[in-house]
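Okay, structure first, notes after.
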Amino acid sequence: MRIDIISAVPQLLESPFSHSILKRAQDKGLLQIQIHNLRDYTPYSHKQIDDYPYGGGAGMVLMPEPLARAIESLKAQRTYDEIIFLTPDGEPFTQAVANRLSLKQALMLICGHYKGIDERIREHFVTMELSIGDYVISGGELAAAVVTDAVARLIPGVLNDETSALSDSFQDQLLSPPVYTRPADFRGWKVPEILLSGDHEKIARWRYEKALERTRQRRPQLLSHSEDPEKTA
Ligand code: ADE
């Protein structure tokens with residue numbers, strides 16, 4: 001999979017893709033991430049990319065010309081399955097959306113900044129708008145990193161043990177059960193006996209029950225959607 005990210009502050013994206021699972025995915029050739037500095041595409045002096053909003057009001061808006069040039073330059077090089085704008089008023093980003101995106105070949109992510117981007121870019125270039133939650137962060141970069149990470153780890157071969165993404169929270173509309181490692185007795189706090197029993201069938205049942213219990217307690221609305229995973233998308 002190829003992911004191109006357009007950003008006004010590309011430095012914010014230097015670290016998230018350079019370590020651990022995402023780095024290994026790139027080293028293995030399963031994932032290519034390219035970050036593009038929006039300022040490299042501006043025709044304006046002083047590398048200007050933003051301006052005051054028409055009609056007044058606080059904050060700056062990313063101008064359409066640099067964004068259009070960046071998007072068109074990338075589109076000239078390959079076909080994108082989706083051109084995604086990260087924005088708090090987008091569709092909620094869920095595991096179901098991550099699953100869908102992980103099947104794509106090429107994604108373009110556009111990071112907003114300040115008060116947002118000129119609406120005409122959203123109307124004429126963007127094919128999908130995603131929000132990572134009902135809160136506002138300073139720019140789309142951290143949201144782009146979240147989406148990239150959640151999608152990339154689902155690409156076959158990215159995780160060593162392919163079943164581990166399947167047992168993630170949300171994959172089956174359930175939160176994950178608790179996990180334990182050595183020592184079996186830590187300060188007198190003991191690991192549940194069943195996990196030491198070696199009986200895999202019983203352990204699987206225990207984990208399922210714990211996942212169900214945790215979901216019922218913490219996120220009961222996930223259970224009411226469990227017949228149709230798309231409902232939580
Ligand atoms: N940009 C600012 N806040 C955001 C959010 N919650 N999701 C996606 N992009 C954002």
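Read the numbers this way: they start at 1 and go in the same order the structure lists the ligands and their atoms.
The part of Ala143 lying near ligand 1 is the side chain, judged by heavy-atom distances below 4.0 Å. With a 4.0 Å cut-off on non-hydrogen atoms, Leu130 touches ligand 1 through its backbone and not its side chain.
For Glu65 and Arg69, the salt-bridge test passes: some basic side-chain N is under 4.0 Å from an acidic carboxylate O.
When only non-hydrogen protein atoms are considered, atom 3 (N) of ligand 1 lies nearest to Ile137 N, 3.1 Å. The single protein non-hydrogen atom nearest to atom 1 (N) of ligand 1 is Pro88 CD, 3.6 Å, given as residue, atom name and distance. Looking only at heavy atoms of the protein, atom 7 (N) of ligand 1 is closest to Ile132 N, 3.0 Å. Protein heavy atom at the shortest distance from atom 6 (N) of ligand 1 is Tyr135 O, 2.8 Å.
Considering all non-hydrogen atoms of both residues, Arg153 and Leu159 come closest at O-CG, 3.5 Å.
Note on ligand 1: Gly112 sits outside its first shell, no heavy atom being nearer than 4.0 Å.
Near Leu86, the atoms of ligand 1 lying under 4.0 angstrom from a non-hydrogen atom of the residue are 8 (C), 9 (N). Atoms of ligand 1 found under 4.0 Å from any heavy atom of Gly133 (numbered from 1 in listed order, with element): 6 (N). Close approach to Ser131 involves these atoms of ligand 1, each under 4.0 Å from a residue heavy atom: 6 (N), 7 (N), 8 (C). Atoms of ligand 1 found under 4.0 Å from any heavy atom of Val136, numbered from 1 in the order shown, are 3 (N).
With contacts defined as side-chain heavy-atom distances shorter than 4.5 Å, the pair Pro10/Arg39 does not qualify. The closest side-chain heavy-atom distance from Ile71 to Ile121 is below 4.5 Å.
When the shell of 6.0 Å around CG of Asp185 is examined, it contains more than 12 heavy atoms from other residues, nucleotides or ligands. Open room surrounds OH on Tyr52; 12 or fewer heavy atoms of other groups in view lie less than 6.0 Å from it. Heavy atoms from other residues, nucleotides or ligands lying under 6.0 Å from CD of Glu193 number 12 at most.
With Asp4 as reference, His36 is the one residue of His36, Gln32, Gln34 to meet the side chain to side chain donor-acceptor pair (under 3.5 Å) rule.
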